[in-house]
Colleague: 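The structure that follows is given in the form of structure tokens.
The analysis underlying the following values was restricted to heavy atoms, covering all of them including side chains, and did not include hydrogens, waters or symmetry mates.
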Amino acid sequence: MTVPQPLQLLAPLSGVLVPLDHVPDPVFANRVIGDGLCIDPTSQTLCAPLAGVVSGLQASGHAITITHEGGAQILLHIGLDTVNLAGKGFNALVDKDQRVEAGQALIEFDADHIAVHARSLMTLMLVVSAEPFSMLTGDSAKVVGGQPLLELGHVGLADDAPVNEGEALVSQPISLPNANGLHARPAAVFAQAAKGFKADIRLHRQQDSANGKSLVAIMAMQPALGDVLTISATGEDAAAAIETLAELLADGCGESVAPVAVSAPAIEAAPVAKSSAMSLQGVCASAGSALGQVVQVVERKLEIAEAAGDPRAELQTLDRALAGALAALQKLRDEAASEAQEEIFKAHQELLEDPSLLEQARLLINQGKSAAFAWNSVTEATAELFKASGNRFLAERALDLADVGQRVLKLMLDVQDSAWELPDQAILVAEQLTPSQTAALDTSKVVGFATVGGGATSHVAILARALGLPAVCGLPAEVLALANGTRVLLDADKGELHLDPDPVSIEQLQAEREQRTLRRQRDLEQASLAATTRDGHRFEVTANIASLAEAEQAIELGGEGVGLLRSEFLYLERSSAPSQDEQAATYSAIARAMGPERNLVVRTLDVGGDKPLAYVTMEAEANPFLGMRGVRLCLERPQLLREQFRAILASCALARLHIMLPMVSQLSELRLARQILEEEAASLGLTTLPKLGIMIEVPSAALMADVFAPEVDFFSIGTNDLTQYTLAMDRDHPRLASQADSFHPSVLRLIATTVKAAHDHGKWVGVCGAMASEPLAVPLLLGLGVDELSASVPLIPAIKAAIRDVELRDCEAIARHALTLESAGQVRETLLSRRPSPSTLSLVSES
């Protein structure tokens, strides 16, 4: 327990003081949330009144909580009913869990917008941790931002409240009815009601939990509309607390809401019944199939002591564990079988060196926490922040952070990873596997895995593909109830896990695997042959790459050029932008590998959406896939684009250079980008420009392809995003991914429209999306008139072989018929029915 110290709070902005009693909101006026003051602002930047950690930041940006190291918690709330603005007019300058200094800018706000669209601009500064305070302003009603305003007394580290013993009672699940979630007002009503009971009360949302009597804890959890919450209580009046608080929560905690019924009690998942016809549906993470037995993987919980007596010793413990983890990751990098694996563990090393994580952990250690507790708290909190960001890229990185967090934690606690005892033909089943676990799998025994969490673009999926292991993610949670030893058939191509498959299915699987092996051998032997159809039509098969190593591998596997160089590989997962010289050296090395006889298509920086950059400020967006990404972001930051153009132009003489712009949706974007390219080429003394094209991945670009065609040299169709935007379905959503299918006739019609417009103007069309890497799609794409297929490097031989196995006139008939169908399923069935039997080795391949 520290000695209580007075603490001064600075004015968070300039304005006129308003007595709290005069605030036209009973929750604030009656001090339900806490006592404090109100300022009618004349400035538009909210600043920190004290040094501390951002312990709560509302997603809408209108409210923020700062927690001082002594325990004082200060809530700053801009305006009244501003939660209804859904973030419009607010720009948060800090992140949750970030350390801030007194006077540091926290939130910028548009006073004009808020004044028009909200009830009031009155801004509250409330002491929600209940310390007594005195005013320092005298009789003055005017305050200037940064001047001393309040002085708190009795600030110190509070002892933990006593915990009631006994069995906890738990409410039925309640679907939160509040349109804006549990923001300050309803959260305060709930916390105030909970304080009326002696019982220890907690609010739960899945794995998240908050002290039900703490406004800050509830707001930090950010329960949203429709979230399923439960309340637990322990103590003598627990039953009464549950009854009262459950009714309060269901009624909206004082807010007007549509009536929502309390759901039925949760029922534990029963063991999955065995059935020869039963299967569970997920999403393909790594193609292939396997027959084996279930092995459930459960990570044991580590015991962590919270307090420690010697901060210096704990800091040394943290440093030793970090050094050990970095060394272990370096060993994994050195032993990596592919560049993709090496890059994953390099990213893990960078996470361990993140200054924000280290600063927060050391702060907690200096406050008396153990190294293990501090590190675990910081990594878990940051991972949860990533998950809650609404950004798929960050959500997937949360698993990487949890993985490295556990690696360091085990070193601190001297916990050895015991080797898994695996039977032969093991198919691992888990809530989620980490990259470390996946990289360490014994592939002589593990033949595949199936998980509830994860996505097709996660690091775990990348590692599974590198290891050649079929994998399915996004399975229903009932898969976790399968008994060890259950015989299953993993059909990753279809995203299915079949339980106790029948002998016919097993025999069919074995036959298909044999045919795939034979076909793969033949494709590799013939990889250098041209991709010419049986009736003499030549097509170009190029590669999608993100490194020099992949460029060299593509040539070895018969690639006829590069149809997509993802330039963002130079920018991602690093703390500063690559220099122009570094970019130019990389592009030139790849161009030399291609040589002057092959195409090299470089896509300009495609970030934003699911690929943020740590060193480029990007505002939080409600839907980043419809926001500032691709060419939009680069045109808003033209210096970034100019530098990249100069770096790309350095390789003009080394290959048949093409530049491709991503996410173009308007002609003005193309014209402005071309103008910038011409200016940079002129500054370098170049008289001949490389070919300039655009990606067709937005429906507006496909529908106006006839308008774009005269002003471009080529089109390349990104089927992944084109499908996502056309069908309004996230292609990585576990429950929608199987429907977000590029074979859908609506997508095919947009491809046909693009091809016709291009050919009418003498321009060529490629496909660089995932569809070009699927052998089943080859006759369809050829029939639609596509000129080039840019495929994933390992699949180049299979795609070239698939072209050699068809006649163009048959492909055109297939395409015409596909355009008349109603669904992707019908299109796939048509293609499968026209595919020769496996015995002919004609179109059997590994998808």
Side-chain angles (χ1 to χ4, degrees), residues 2 4-5 7-10 12 33-34 36 45-59 61-78 92-107 124-131 150 152 155-160 184 187 191 208-211 214-222 306-308 311 314-315 318 351 354-389 398 401 405 620:
T2 60
Q5 298 291 330
L7 176 67
Q8 282 192 352
L9 303 187
L10 307 182
I33 294 176
T45 300
L46 186 77
C47 298
L50 76 171
V53 173
V54 179
S55 52
L57 177 61
Q58 290 296 293
H62 75 287
I64 187 169
T65 304
I66 309 295
T67 299
H68 181 257
E69 61 183 7
Q73 293 179 320
I74 309 300
L75 171 66
L76 303 169
H77 192 288
I78 304 171
L93 306 176
V94 294
D95 297 318
K96 186 176 179 293
D97 298 321
Q98 180 178 330
R99 171 82 184 175
V100 297
E101 300 302 324
Q104 181 175 337
L106 303 174
I107 299 170
L124 290 302
M125 182 169 76
L126 305 177
V127 184
V128 296
S129 47
E131 286 86 359
L150 296 181
L152 304 188
V155 177
L157 293 174
D159 295 325
D160 288 336
D208 297 335
S209 176
N211 182 346
S214 168
L215 165 69
V216 173
I218 295 171
M219 289 177 63
M221 193 166 70
Q222 297 194 18
E306 179 174 350
E314 295 302 310
L315 288 170
L318 174 62
L351 283 172
D354 183 272
S356 176
L357 291 177
L358 299 178
E359 180 183 353
Q360 292 177 63
R362 287 169 179 149
L363 177 64
L364 287 173
I365 290 172
N366 285 325
Q367 291 176 359
K369 305 300 183 184
S370 72
F373 179 87
W375 176 254
N376 190 55
S377 299
V378 169
T379 53
E380 282 191 348
T382 307
E384 287 302 318
L385 185 68
F386 286 177
K387 290 177 188 175
S389 67
L401 182 55

Colleague: Search all heavy atoms of Asn376 against all heavy atoms of Thr379 and return the closest pair with its distance.
Modeller: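 Residues Asn376 and Thr379, closest heavy atoms: O-OG1, 3.2 Å.
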
Colleague: Under the criterion side-chain contact (heavy atoms from CB on, under 4.5 Å), I'd like the reasoning laid out for Gln98 against Val53: C-alpha separation, chi angles, the key distance, then a yes or no.
Modeller: CA-CA 6 Å; Gln98 180 178 330; Val53 173; over 6 Å; no

Colleague: Ignoring hydrogens and angles, tell me if any N or O in the side chain of Trp375 forms a donor-acceptor pair with the backbone of Leu318 under 3.5 Å.
Modeller: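 No, because the side chain of Trp375 does not come within donor-acceptor range (under 3.5 Å) of the backbone of Leu318.
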
Colleague: Looking only at heavy atoms, what is the nearest atom pair of Ala51 and Glu101, with distance?
Modeller: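 Distance-wise, the nearest heavy atoms are CB-OE1, 3.8 Å.
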
Colleague: Once you round to the nearest 0.5 Å, how far does CD of Gln104 lie from SG of Cys47?
Modeller: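 It is 9.0 Å, given to the nearest 0.5 Å.
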
Colleague: Give, for atom CZ of Arg99 and atom CD of Glu359, the distance between the pair rounded to the nearest 0.5 Å.
Modeller: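 Separation between the atoms: 7.5 Å.
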
Colleague: Kindly determine whether Leu7 and His68 satisfy side-chain contact (heavy atoms from CB on, under 4.5 Å), including the steps that lead there.
Modeller: CA-CA 10 Å; Leu7 176 67; His68 181 257; 3.8 Å; yes

Colleague: Taking the side chain as every heavy atom from C-beta outward, state whether Met125 and Leu9 have any atom pair closer than 4.5 Å.
Modeller: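 Yes. Closest side-chain heavy atoms under 4.5 Å.
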
Colleague: Determine, stepwise, if the pair Thr65 / Val54 fulfils side-chain contact (heavy atoms from CB on, under 4.5 Å).
Modeller: CA-CA 6 Å; Thr65 304; Val54 179; over 6 Å; no

Colleague: Can you give me the closest heavy-atom contact between Val94 and Ala105, atom names plus distance?
Modeller: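 Nearest heavy atoms, Val94 then Ala105: CG1-O, 3.8 Å.
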
Colleague: Under 4.5 Å between any side-chain heavy atoms of Ile74 and Leu126, yes or no?
Modeller: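 The answer is no, as the side chains (C-beta and beyond) never meet within the 4.5 Å cut-off.
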
Colleague: Distance check, rounded to the nearest 0.5 Å: Leu50 atom CG versus Leu10 atom CG?
Modeller: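 It comes to 8.0 Å.
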
Colleague: Mind listing the closest non-hydrogen atom pair of Ala361 and Val378 along with its distance?
Modeller: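 That would be N-CG2, 3.6 Å.
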
Colleague: Has Glu314 got a side-chain atom pairing as donor or acceptor with Pro311's backbone, closer than 3.5 angstrom?
Modeller: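 No, the answer is negative, given that no donor and acceptor are paired below the 3.5 Å cut-off.
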
Colleague: State plainly whether the residues Lys369 and Glu306 are in salt-bridge range, i.e. N to O under 4.0 Å.
Modeller: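 Result for this pair is yes, salt bridge flagged.
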
Colleague: Judged by atom type as modelled, is there a donor-acceptor pair below 3.5 Å linking the side chain of Glu380 to the main-chain atoms of Ser377?
Modeller: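 Checking the backbone N and O of Ser377 against the side chain of Glu380, no donor-acceptor pair under 3.5 Å is found.
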
Colleague: On a heavy-atom basis, which atom in Ala72 and which in Leu152 lie closest, and how many Å separate them?
Modeller: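 Here Ala72 and Leu152 meet closest at CB-CD1, 3.9 Å.
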
Colleague: Give the intermediate values and the outcome of side-chain contact (heavy atoms from CB on, under 4.5 Å) for residues Leu106 and Leu93.
Modeller: CA-CA 5 Å; Leu106 303 174; Leu93 306 176; over 6 Å; no

Colleague: Looking at CD1 of Ile107 and CG of Leu76, how far apart are the two atoms once the value is rounded to the nearest 0.5 Å?
Modeller: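 Atom-to-atom, Ile107:CD1 and Leu76:CG are 7.5 Å apart.
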
Colleague: Just wondering, do Val127 and Gln73 contact through their side chains at under 4.5 Å, heavy atoms?
Modeller: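 No - every pair of side-chain heavy atoms lies 4.5 Å or more apart.
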
Colleague: Do Asn366 side-chain atoms and Arg362 backbone N/O form a donor-acceptor pair below 3.5 Å?
Modeller: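 Indeed, once roles are kept as given, a pair shorter than 3.5 Å links the two residues.
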
Colleague: Output the distance between atom CD1 (Ile365) and atom CG (Leu363), rounded to the nearest 0.5 Å.
Modeller: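 The CD1 atom of Ile365 sits 9.5 Å away from the CG atom of Leu363.
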
Colleague: What are the two closest non-hydrogen atoms of Leu57 and Ala92, and how far apart are they?
Modeller: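 Smallest interatomic distance, heavy atoms only, reads CD2-CB, 4.2 Å.
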
